[in-house]
Peer 1: 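So that we are looking at the same thing, I have put the structure below in structure tokens.
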Amino acid sequence: MKNLNAVPTKHAKLVAWVNEWASLCKPEGIYWCDGTQAEYDRLCNEMVESKLAIRLNAKKRPNSLLFRSDPSDVARVEARTFIAAANKDAAGPTNNWIDPVELKKTMRGLYDGCMQGRTMYVIPFSMGPVGSNIAKIGIEITDSPYVVANMEIMTRVGTKVLAVLGDNGEFVPCVHSVGKPLAPGESDNGIWPCAPMDKKYIAHFPETREIWSFGSGYGGNALLGKKCLALRIASVQARDEGWMAEHMLILKLTNPKGKVKYVTGAFPSACGKTNLAMLIPTLPGWKVETVGDDIAWMKFDEEGHLRAINPEAGFFGVAPGTSMKSNPNAMVSCSRDTIFTNVALTEDGDVWWEGIGYDAPGKLIDWKGNEYIPGKSEGKAAHPNARFTARAHNCPVIAKEWEDPKGVPVDAFLFGGRRPSTLPLVYQSMSWEHGVFIGSTVGSEVTAAVISDQIGQVRRDPFAMLPFCVYNMGDYFKHWLEIGKKPGAKLPKIFCVNWFRKTADGRFLWPGFGDNSRVLQWVFERCDGEGQANETAIGAMPTETAIDRKGIEDEVSDADMKALLTVDVDGWKKELSMIKEHYAKFGDRLPAALKAELDKLEARLAK
Ligand code: GTP
Ligand code: SPV
Ligand code: MN
């Protein structure tokens, strides 16, 4: 096999693994990524030349590209995501289990010759600061330069990672192909390469810690450091090693007196993590800074604090709905050096999407590449799951601690989802076990972050990890309970939040975004044993005056506030039956402590 550059490592196992895959996939040549700016720029130029990317107007969006994916390749594909554990029970009732031997046979068939006419890129990457003892190294081989460029923003890539890996360090092997070989002389001709849906496989081998992805070039299906490694493979590593890998944002919250707390939040995909992590408080004197917007790895330190690190180096954020009003810090983060996928293009070479905060400046080219006349054309100009890939370094409120290998000590966990009814704005758990109960029962409307025919329907998404926990979820609940039993642990307080309550006519009851700082204030106070609360059947809820409404009294009336902060007993009784149905799936793997919490909640609601 032709090497396009010098092999930069003496790691015999790594080199053998790369060569073995090259002889199966049959690329034109092998290229080892060094992670330099020059390499990134060269790849970007090549993709512009081959018409896979459009370079945006440098005066409006310096150093930024737009990609349009195939209409079948716009989000994670849960139906094509497989957990190839040794047996079905190990994967549990929430995963698509598949026999690992069978799957490897099928996929080897697909990989055979799949990179013909393409370069095989080798991406050495670190999740977490390079060389830190919590970081994990992965090596992704891919035939997609789009994946390389995105990985260079989202993770730490290149020679420095190989230096830490040395001659025999451990790495998670990640194989990726778009599954679209090119015949001699053929080119992509500006068309996003991918395989048809029934040939897409996002496969995980939890016992051998391997990732094999085929047929999709998009986001969580293809940037294998993110969901596949930092959540799915990490979920089993965390279970075995006594730590936590969670689908959580991490934020630093400073009150007007300068006192700091760190808050993490698990919300399902496209339910507000990026927005909360970057919010600008509407409460005077408060400050939020970003540590991470999607994934938290947490371990106990010697004093018993759970410390969180963000394993990523960038943001793969939802574009629609992001504006200077809703999330100015995200807008600045993607104002340059950004890869946009499936947003609309303006006539002057800038991007546009629904909810960007201003009318389109004229005609657009929509995410499918067609002319789009605002107000006239059908459908949306940007795909609802259009994304920006932006560097953490370009975020104006990135916390100074964000790359600290020690991590930040977590004071509070938030759980939540999109719930148009029943779930109040915020309440606090009565205990750790009750908090784990809350996390294990999170429900949310399915969003466009996943290709699904259930979009808009409420489904259970425990700890926002339904698509990411690769082992039996009953055991994952047990792992959470065990974290709470660690001797000397100074455990975070647990809260449930819901920014998405709606009125009967479909209006959001709560303004959300920067005004979520009003809820963060109450969370902050409760962590210090302050903050006015009523003990209710579901947990501690703010009193009617405990949430500061100064400045939004007109928007949120007394009646709205009451609706946001009462226990809807009838709604909760329906909720109970949904929780029972959900829990029944786990059979005897459901920890007794959680069944006990369910019984106690039912008894309290019956009073
Ligand atoms: P993933 O990257 O998919 O894991 O999503 P995420 O949890 O980071 O979601 P994100 O913050 O990108 O928000 C997704 C969508 O929800 C965007 O369109 C936001 O505008 C919208 N959103 C976020 N926060 C709020 C809020 O407080 N209220 C309302 N109404 N919408 C919100
Ligand atoms: C999610 O779906 O939770 C995301 C986007 O963060 S993706 O990386 O595509 O999974
Ligand atoms: Mn996510």
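Order of listing sets the numbers, starting from 1, for every ligand and every atom in it.
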Peer 1: Kindly say whether the aromatic ring centers of Tyr372 and Trp352 come within a distance under 6.0 Å.
Peer 2: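 They do not qualify: ring centres at least 6.0 Å apart.
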Peer 1: Non-hydrogen atoms of Arg418 versus ligand 1: any pair closer than 4.0 Å?
Peer 2: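 It does, in that a heavy atom of Arg418 comes within the 4.0 Å cut-off of ligand 1.
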Peer 1: Could you see which bit of Glu354 sits under 4.0 Å from ligand 1, with heavy atoms only: side chain, backbone, both or neither?
Peer 2: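 No part of Glu354 is near ligand 1 at this cut-off.
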Peer 1: If you measure from atom 3 (O) of ligand 1 to every heavy atom of Ala266, Ala449, Ala270, which option wins on shortest distance?
Peer 2: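 Shortest heavy-atom distance from atom 3 (O) of ligand 1: Ala270.
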Peer 1: Any luck finding a side-chain donor-acceptor pair between Asn150 and Thr389 under 3.5 Å?
Peer 2: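 Distance-only check passes for Asn150 and Thr389.
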Peer 1: Counting only nitrogen or oxygen atoms and a 3.5 angstrom limit, does Lys273 reach ligand 1?
Peer 2: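 The answer is yes, given that Lys273 and ligand 1 share an N or O pair closer than 3.5 Å.
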Peer 1: List every atom of ligand 1 that sits less than 4.0 Å from any heavy atom of Pro320, numbering the atoms from 1 in the order shown and giving each element.
Peer 2: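 Close to Pro320: 17 (C), 18 (O).
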Peer 1: Looking at Phe508, does the NZ or CZ of Lys502 lie under 6.0 angstrom from its six-membered ring centre and within 45 degrees of the ring axis?
Peer 2: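 Satisfied, under 6.0 Å and within 45°.
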Peer 1: Can you find a side-chain donor-acceptor pair between Asp515 and Thr282 that sits under 3.5 Å?
Peer 2: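 Asp515 vs Thr282: donor-acceptor pair found between side chains.
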Peer 1: Could a heavy atom of Arg387 be found less than 4.0 Å from some atom of ligand 2?
Peer 2: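 Yes, Arg387 has a heavy atom closer than 4.0 Å to ligand 2.
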Peer 1: What is the nearest protein non-hydrogen atom to atom 6 (O) of ligand 2, stated with its residue, atom name and distance?
Peer 2: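 Answer, as residue, atom name and distance: Lys227 NZ, 3.0 Å.
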Peer 1: Kindly determine whether Asp143 and Lys180 satisfy salt bridge (charged side-chain N to carboxylate O under 4.0 Å, His left out), including the steps that lead there.
Peer 2: CA-CA 9 Å; Asp143 52 7; Lys180 176 87 179 55; over 6 Å; no
Peer 1: Judging by distance only, is a nitrogen or oxygen of Lys273 under 3.5 angstrom from one on ligand 2?
Peer 2: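 Checking ligand 2 against Lys273, no N or O pair falls under 3.5 Å apart.
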Peer 1: With atoms numbered from 1 as shown, which atoms in ligand 1 lie under 4.0 angstrom from a non-hydrogen atom of Val318?
Peer 2: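 What qualifies from ligand 1 is 12 (O).
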Peer 1: Classify the ring geometry of Phe477 against Phe463: parallel below 30°, tilted from 30° to 60°, perpendicular beyond 60°.
Peer 2: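 Geometry flag for Phe463 against Phe477: tilted rings.
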Peer 1: Please test Ser269 against His247 for side-chain contact (heavy atoms from CB on, under 4.5 Å), starting from the C-alpha separation and ending with a verdict.
Peer 2: CA-CA 9 Å; Ser269 301; His247 191 202; 3.6 Å; yes
Peer 1: List-wise, which protein N, O or S atoms are found short of 2.8 Å from the Mn ion (ligand 3)?
Peer 2: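 Protein N, O or S atoms closer than 2.8 Å to the Mn ion (ligand 3): Lys227 NZ, His247 NE2, Asp294 OD1.
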Peer 1: Checking a contact table here: which protein heavy atom is nearest atom 3 (O) of ligand 2, and how many Å away?
Peer 2: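 Ranking protein heavy atoms by distance from atom 3 (O) of ligand 2, first comes Ser269 OG, 2.5 Å.
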Peer 1: Give the residue, atom name and distance (to 0.1 Å) of the protein heavy atom nearest atom 9 (O) of ligand 2.
Peer 2: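 I find the closest protein heavy atom is Gly220 N, 2.9 Å.
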Peer 1: The criterion is side chain to side chain donor-acceptor pair (under 3.5 Å); which residues satisfy it with Asn394, sequence neighbours excluded?
Peer 2: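 In terms of side chain to side chain donor-acceptor pair (under 3.5 Å), with neighbours along the sequence ignored, Asn394 is linked to Asp337.
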Peer 1: Between Asn221 and ligand 2, find which residue part has any heavy-atom pair under 4.0 Å and reply side chain, backbone, both or neither.
Peer 2: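 Neither; nothing of Asn221 gets under 4.0 Å from ligand 2.
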Peer 1: With backbone taken as N, CA, C and O and side chain as the heavy atoms from C-beta onward, which portion of Phe508 lies under 4.0 Å from ligand 1: side chain, backbone, both, or neither?
Peer 2: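 The answer is the side chain of Phe508.
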Peer 1: For Arg501, is there any backbone N or O sitting under 3.5 Å from a side-chain donor or acceptor partner on Trp510?
Peer 2: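 No; zero donor-acceptor contacts below 3.5 Å.
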Peer 1: Assess Pro268 for proximity to ligand 1: is some non-hydrogen atom of it under 4.0 Å away?
Peer 2: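 Yes, Pro268 has a heavy atom closer than 4.0 Å to ligand 1.
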Peer 1: Under 4.0 Å, counting heavy atoms only: does Gly317 come that close to any atom of ligand 1?
Peer 2: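 Not so, Gly317 does not reach ligand 1.
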Peer 1: Distance under 6.0 Å and angle within 45° of the ring axis: does Lys273 meet both against Phe267?
Peer 2: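 No, cation not above the ring by the 6.0 Å, 45° rule.
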Peer 1: Note the single closest protein heavy atom to atom 2 (O) of ligand 2, along with its residue, its atom name and the distance in Å.
Peer 2: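 Of every protein heavy atom, Arg76 NE, 2.8 Å lies nearest to atom 2 (O) of ligand 2.
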Peer 1: Go through ligand 1 atom by atom and flag the ones less than 4.0 Å from a non-hydrogen atom of His247.
Peer 2: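 Near His247, meaning under 4.0 Å from one of its heavy atoms, ligand 1 has 4 (O).
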Peer 1: Quick one, Ile356 and Met331 - any side-chain contact, counting heavy atoms below 4.5 Å?
Peer 2: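 With C-beta onward as the side chain, the pair touches.
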Peer 1: Strictly under 6.0 Å, is that where the ring centroids of Tyr201 and Trp212 end up?
Peer 2: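 That pair fails the under 6.0 Å test.
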Peer 1: Can a donor-acceptor pair be found between the side chains of Thr447 and Arg418 at a distance below 3.5 Å?
Peer 2: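 No pair is found: no donor N or O on one side chain lies under 3.5 Å from an acceptor on the other.
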Peer 1: Return the orientation label for the Tyr146 and Trp192 ring planes: parallel under 30°, perpendicular over 60°, tilted otherwise.
Peer 2: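 Perpendicular: the ring planes of Tyr146 and Trp192 meet at over 60°.
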Peer 1: Where the closest heavy atom to atom 29 (C) of ligand 1 is concerned, which of Phe500, Phe316, Trp353 has it?
Peer 2: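 When every heavy atom of Phe500, Phe316, Trp353 is considered, Phe500 comes closest to atom 29 (C) of ligand 1.
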Peer 1: State if Cys271 counts as touching ligand 1 under the rule of any non-hydrogen atom under 4.0 Å.
Peer 2: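 For ligand 1, residue contact (heavy atoms, under 4.0 Å) with Cys271 is present.
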Peer 1: Just do the side-chain contact (heavy atoms from CB on, under 4.5 Å) check on Arg80 and Asn221 with the steps written out, would you?
Peer 2: CA-CA 10 Å; Arg80 304 299 306 165; Asn221 303 327; over 6 Å; no
